[in-house]
Protein chains: 4
Amino acid sequence: MPNRTTDFRSDNVATVSPEILQALGRANIGPAAAYGDDEYSRELDRRFSALFETEVKVFPVSTGTAANALALAACARPYGGIYCHEVAHIHTSEGGATEMFTGGTKLIPLPGDGFRLQAQLLAETLAQAGIGQRHKPQPDAISVTQATEHGTCYSLDELHVIAELARGNRLRLHMDGARFANALATLDCTPAAMTSRIGVDILSFGATKNGCMNTEAIVVFDQSLIEGLSYRLRRAGQTWSKMRYAAVQLLAYVEDDLYLRSARRANALAKRLEAGLAGLSQARLVAPVQADLVFVELPEPAIAALAAEGFLFHRRSPTRIRLVTHFDGTDEEVEQFLAAARRHLN
Amino acid sequence: MPNRTTDFRSDNVATVSPEILQALGRANIGPAAAYGDDEYSRELDRRFSALFETEVKVFPVSTGTAANALALAACARPYGGIYCHEVAHIHTSEGGATEMFTGGTKLIPLPGDGFRLQAQLLAETLAQAGIGQRHKPQPDAISVTQATEHGTCYSLDELHVIAELARGNRLRLHMDGARFANALATLDCTPAAMTSRIGVDILSFGATKNGCMNTEAIVVFDQSLIEGLSYRLRRAGQTWSKMRYAAVQLLAYVEDDLYLRSARRANALAKRLEAGLAGLSQARLVAPVQADLVFVELPEPAIAALAAEGFLFHRRSPTRIRLVTHFDGTDEEVEQFLAAARRHLN
Amino acid sequence: MPNRTTDFRSDNVATVSPEILQALGRANIGPAAAYGDDEYSRELDRRFSALFETEVKVFPVSTGTAANALALAACARPYGGIYCHEVAHIHTSEGGATEMFTGGTKLIPLPGDGFRLQAQLLAETLAQAGIGQRHKPQPDAISVTQATEHGTCYSLDELHVIAELARGNRLRLHMDGARFANALATLDCTPAAMTSRIGVDILSFGATKNGCMNTEAIVVFDQSLIEGLSYRLRRAGQTWSKMRYAAVQLLAYVEDDLYLRSARRANALAKRLEAGLAGLSQARLVAPVQADLVFVELPEPAIAALAAEGFLFHRRSPTRIRLVTHFDGTDEEVEQFLAAARRHLN
Amino acid sequence: MPNRTTDFRSDNVATVSPEILQALGRANIGPAAAYGDDEYSRELDRRFSALFETEVKVFPVSTGTAANALALAACARPYGGIYCHEVAHIHTSEGGATEMFTGGTKLIPLPGDGFRLQAQLLAETLAQAGIGQRHKPQPDAISVTQATEHGTCYSLDELHVIAELARGNRLRLHMDGARFANALATLDCTPAAMTSRIGVDILSFGATKNGCMNTEAIVVFDQSLIEGLSYRLRRAGQTWSKMRYAAVQLLAYVEDDLYLRSARRANALAKRLEAGLAGLSQARLVAPVQADLVFVELPEPAIAALAAEGFLFHRRSPTRIRLVTHFDGTDEEVEQFLAAARRHLN
């Protein structure tokens, strides 16, 4: 039997880190300039510039969908094309946000093993994109998700090759980092190594799933994108008046590597699920677990039995479920789930 | 000399009410369903339905701009027209958000004394709108701001006449309630009296300026608008995953009339400014003070001197300034400002 | 050696039918009301209502892209989804027009043998579309192309099954009839049998490729779509002021079955190409020829040799070419091409 | 009593010039490359480059609305602002086309005597536009109409001052030349003098009202606008496949100054109306007649009597009518109208 609080549906079900909640209180003293002209927001730019080892501009926004769609709107023309994996969140799960904020730019989804874009297919597709042909979407950007929607990670080498391709074709490179910290924890590299050093132009920096309170950020590496984006954000209703409360969260999020510690915790829980499921003959892991997501094939009756016991998770097909861990989950929950799975798989 | 914390630039510079900050902590226990499927969000619908004395649906959003533009997008066709006052925030200060989210609906600004739409001019304009003429924007909605951007309020009778006009012309009535609580405090009526009983179809319910943390809400009275709006919000990146933290703020905001108490406090500070300025022969109040906004004409040298002393406010012309009070301001600040004003007006 | 005038690149390279050119002159007498309020435009509605055996509204437009995109904009919500074949012109070749005019509706491309949508896959896809899920495009319309972009035709039975599916799922059914007459000639049925009797809601009625002068039409069967579309057309710059010159073309186009005679002529030339190529062992026809389009696989050197001789056609891959016939082509041209092909295939 | 063919409602009611109709026939020989890759289209660029005394790119489009909205979409960012006169056709009569094609750019209407933008007010407005303020539309373009919607013309000096203002503020200058030829005939200058020499960046070149068949053109002076515009046109359904039939019309339109001769004819008829009406004590001309438009104030009973007799014209208010002449009108029609007016004004 699961705890009352066991919930593998999403990392969105998690709470807010106590450190982040406390930071809100610390910022709640006296008036401050609105719309990001405050001290915390300025500190945020400085802090993240240090983190990414290059000058960046940080725009806090309210959701990952807003981060992705507006980042891409800054990169692509209405008659442009954006290349992404066919399971990319921007293509499958954001209600057409990118189409709306770009003014109708075309998303061009590609297959790819491991739920990652494959550089060779991408290169071939770009070669036949019809540059200069008015009836074809003109390539403007590539969007990679790190970690992917299925919990796999691009290696730094893979990212490097894709970034080269972007540069060679004069495309912008966007990274959907809804689970940026989880990938960072897995690759065990610096934030700069995964972004600025490689050639990412603009990053959706995820924070909500990993302990912030409805606060994400767009981190802009390519300075030429900043001005246009600042207008698009205001126009999108994404320029908070009391911006300091977003800034202070993001500052607390990276302070003392809180974000990494939280991501490592969630990843470890997922690895524990993976290890346990790997030992079950009737379970088949869909992909290696490199973040906080576990996709597993199970017999339909076992899935039904686990759900009947009260375990919460999403079904992706009659025989495939998604389990998501989060920083505030427990080893006990994972063990209970594994014990139940063992039981139902006889 | 002003306090270090005196700031009349906007009510956006205010802090978050302690009660609201505490409520965040109370909600921070264990996992909860994402995207508004949690208990706090359901309670929010119930609580606001009681408050407005009719069944309403509440959609928390991140900014007033998002609230306004998405509420209007639910009401207007791309080839429609939205009637508003020429100083309406949606027309002058939201970066074209309404134009974007509606797909290019035309805002039709009208003059009007006291910064309020005048029913007669509105009626005449609608009569000549060119219904059925394909080259003319087809009337879809009227947007009123209560309290207005200049701190005046529509009387209930004025609202009633405009609502009749909307009904008679089959238009939706939207209320921009960025300062809803301030108007309510001034009119001393119930929320229902100012909205549902009159015929408001959809309300931008302001909360951030009056003590919430970057949280506003769209309150939908017309049930037929709900479904479409729910998709538009998701697509706009305005569906928070950890919605409970917005819901719990809004619940705390109306609990024990906190929102009214805060608004009354801000209004009282503004009335105190008004009373003090009214006694100065060289000062001319631009409009009666019915909310937390004071617009006053002063000699240019006096404005310069007040600014030089460190008082913070916005200039609207060389001889006109805007002073905005907020719930966490003090009588002392106001008195210091008035004393300085007296000094500089000899 | 081809004639100076041999051109298999497209049916767009054709001239205008003499009958249509003459009709322009007949309408060129005295003033007439603008924007479609003239007698010819009214006659057009009557004539096409007779042709389609039900009351229709006809909106002449300047291109097939405008016809498709605006017809679909009348059918789909910005957060909706439109199902089409993966080679559909609206998806591959219209520069994102549908995305623009709809405000970002998602095109959902599906594979299908014979370049036709397969009802079963369509049904399965719709069953998993996520109705009511805010992050998923909500099914709004199905678009079929008749004849398809590869010169195949849906049978009436196939269309009937898809129309049932549309009705059962409350979707609109759009037909891209850029080559409507060619399909009609092949199926040898009435216009009504292929549209109104089956349940097509809105039709892009192609005319330019088959003898008109830059004039296509949207034919609306579902009366509820008319009003909104009329505004969208004006807004799109698609409401011609001198509409009579478009109406008179379309009247001449269907008079004495000119459109069918022209389509039969083009189809016959394509069938002649098909028959000739079928006899060549190194040639492989990609699809049965049911309109004016012939796709054929040839050895790369043969393609090069044919091009070098001056034959004009489009290459779709190193070993695949597209040959398009048109109403004003000649048997001689076809025979010259076949003779050359025989020579180069030794 | 008016002739059966008297019609002062619009210059849109006119026929097509015989020379233009004949040119269509001359081009109707054999196949030609589609989408503007034909010889006539190339000749059009050459011919207009000579006409405007600088290298221009010409894009034929189907309506003036398409010309204006797409030209402006090439000039303005979605978060930009376009300055125009408050009676500008783009603002009052195009169904929101500019808002749609730009993605929601704000039109900023200004008053101005003689229905012309006044440079001084424009300069003052620009000075207060809030450059760099994210909540304000950022100035991107100025649009002037020459001749204006009320039949007045900017002098070359007036245009020059506005063009200077555009340059000084780094804005694009668009000219809505729906009645370009009428203005040219009145100013008696070269096309270059009114455009390229002054600094017009992009021109909506009207042709339909003055004898073409539903064919207008965008003439691009600023080479940097061409590429983006070419994609936008394709996407808007404004790239005709049989482009040669548009090109050949525009070539015939300027050959032997046909366009000027037609415009002079229409203007002369309007001047004759003006002269006749000026002699009537109860008639008041609203503006000097400098094109083919006459706005006149008349007693309501006289207007009713003229309409009752069968004269066709538009009423702009109970006491104001608009009379529009056209190249294929007659002196006799004008005299009949004036005689009737004299009768009814006793």
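Computed from a predicted model, the values in this text were never measured in an experiment. Each chain gets a letter, A, B and so on, in the order its sequence line appears, and its residues count up from 1.
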Residue Asn28(A) versus chain B: region with a heavy atom under 4.5 Å: both

Under a 4.5 Å heavy-atom cutoff, which of Arg232(B), Arg9(B), His326(B) has the most pairs with chain A? Arg9(B)

With a cut-off of 6.0 Å (strictly less than), are more than 12 heavy atoms of other residues, nucleotides or ligands near CD of Glu335(A)? yes

What verdict does the side chain to side chain contact (heavy atoms under 4.5 Å, CB included) test give for Leu258(B) and Ile20(B), after you've listed the backbone C-alpha separation in whole Å, the side-chain angles of each residue and the deciding distance to 0.1 Å? CA-CA 9 Å; Leu258(B) 171 62; Ile20(B) 289 170; 4.0 Å; yes

Check: Ser204(B) side chain, Gly177(B) main-chain N or O, donor-acceptor pair, under 3.5 Å: no

Turns out that what part of Leu70(A) lies under 4.5 Å from chain B's heavy atoms comes down to neither

Under 4.5 Å from a heavy atom of chain B, the part of Thr239(A) involved: backbone

Counting heavy-atom pairs under 4.5 Å with chain B, which one of Gly96(A), Ala27(A), Ala34(A) comes out on top? Gly96(A)

Examine distances only and state if a side-chain atom of Thr330(B) and a backbone atom of Glu333(B) form a donor-acceptor pair shorter than 3.5 Å. yes

Just to be sure I understand the criterion: a residue of residues 58-66 of chain B counts if one of its heavy atoms is under 4.5 Å from a heavy atom of chain A. Which ones qualify? Ser62(B), Thr63(B), Thr65(B), Ala66(B)

Before accepting this row, confirm whether a basic side-chain N of the pair Glu99(B)/Arg235(A) lies closer than 4.0 Å to the acidic partner's carboxylate O. no

Interface check, chain B: of Ala236(A), Ala69(A), Ala246(A), most non-hydrogen pairs under 4.5 Å belong to Ala236(A)

For chain A, find which of Gly30(B), Gly103(B), Pro18(B), Ala32(B) contributes the most heavy-atom pairs closer than 4.5 angstrom. Ala32(B)

Please answer whether the main-chain N or O of Cys212(A) pairs with a side-chain N or O of Lys242(B) as donor and acceptor at a distance below 3.5 Å. yes

I'd like to verify something: which residue of Gln22(B), Met213(B), Glu94(B) has the highest number of heavy-atom pairs under 4.5 Å with chain A? Met213(B)

Taking only residues two or more places apart in sequence, or in another chain, which ones meet Arg42(A) in a salt bridge (Lys or Arg N to Asp or Glu O under 4.0 Å)? Glu39(A)

Please rank Asn68(B), Asp7(B), Thr208(B) by heavy-atom pairs under 4.5 Å with chain A and give me the top one. Thr208(B)

Is it possible for you to check whether Arg234(A) lies under 6.0 Å from the centre of the six-membered ring of Tyr35(A), through NZ or CZ, and within 45° of that ring's axis? yes

Pairing of Asp11(A) and Arg179(A) as salt bridge, 4.0 angstrom limit: yes

Rounded to the nearest 0.5 Å, what's the gap from CZ on Phe8(A) to CG on Asp292(A)? Could you check? 11.5 Å

Return yes if some donor-acceptor pair links the side-chain N/O of Asp328(B) with the main-chain N/O of Ala14(B) below 3.5 Å, else return no. no

Honestly, the part of Arg244(A) sitting under 4.5 Å from a heavy atom of chain B is side chain

Among the options Ala33(A), Gly25(A), Ser10(A), pick out the one with the most heavy-atom pairs lying under 4.5 Å from chain B. Ala33(A)

